[in-house]
Amino acid sequence: MRFTIIYASATGHTEDIAERLNRLLPGSELKNLDRIDFTKEIEKAEALICCTPTWNTASDVKRSGTTWDDHIDNIPHLELKDKPIAIVGLGDSAAFSKYFCDAMEELYRSFESAGGRMIGHVSIEQYIFDKSKSVIGEMFCGLPIDEDNESEKTDDRLQAWARIILEEASST
Ligand SMILES: Cc1cc2nc3c(=O)[nH]c(=O)nc-3n(C[C@H](O)[C@H](O)[C@H](O)COP(=O)(O)O)c2cc1C
């Protein structure tokens, strides 16, 4: 299963994480959301990883603060039935502890509405934060990464998650 990794980034953290994931996943492709034909790229992908920071603190909608906000309303209308899709969120669990990685959930719900098979949920256990819209049930709806406070944990988080999504994407 080959992943297309699509990212948008304001100050470079999300771009860096997308690049690191690209190196961990055999055969994957890396795409900057600002430079692609969005619908075409998303619909032709075998499996997707969508990476977003959270900038619009406490917002109900358009939480990313990047180009994802321009596409978010369109995503549910795409035809993505059963395509494996995973979300990565960049955030700051100390300064924005009540809104940690909130943008992940917005992307997650949009892709789920389009029929995506959502994979890559992550336990909340290894994270310290007050609140996050991206906790669904007992799990994060994707992989939270905190480069502002916990960059030393990032390599392990990426490696563990890469193994999980490869497995989940391939299982039917
Ligand atoms: C003004 C501002 C608002 C932010 N709001 C949030 C937030 O609500 N939730 C969160 O988890 N992180 C928040 N962050 C942290 C960023 O999401 C984090 O630094 C991220 O790594 C940036 O990614 P980027 O460099 O790819 O844009 C905020 C940062 C700033 C400076």
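Please read these numbers as outputs of a predicted model, since none were measured by experiment. In each ligand, atom 1 is the first atom listed, and ligand 1 is the first ligand listed. Atom set for the values below is all heavy atoms of this structure, side chains included, hydrogens, waters and symmetry mates excluded.
- Applying the side chain to side chain donor-acceptor pair (under 3.5 Å) test to residues at least two apart or on different chains, the pairs with a partner in residues 21-36 are N22-S28, D34-T67.
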Can you give me every donor-acceptor pair (side chain of residues 70-80, partner residue at least two apart or in another chain, under 3.5 Å) with its distance?
residue, atom, partner, partner atom, Å
E79, OE2, K81, N, 3.1

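- Closer than 4.0 angstrom to ligand 1 sit non-hydrogen atoms from S9, A10, T11, G12, H13, T14, P53, T54, W55, T57, L90, G91, D92, F96, Y99, F100, C101, D148.
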Please report, to 0.1 Å, the donor-acceptor pairs under 3.5 Å made by any side chain of residues 122-129, with sequence neighbours excluded.
residue, atom, partner, partner atom, Å
S123, OG, E125, N, 3.0
Y127, OH, P144, O, 2.8

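- Not one N or O on the side chain of R117 forms a donor-acceptor pair closer than 3.5 Å with the backbone of K83.
- Interatomic distance, CG of L33 versus OG1 of T14, reported as 11.5 Å (0.5 Å rounding).
- In this structure, Y7 has its ring center at least 6.0 angstrom away from the ring center of H13.
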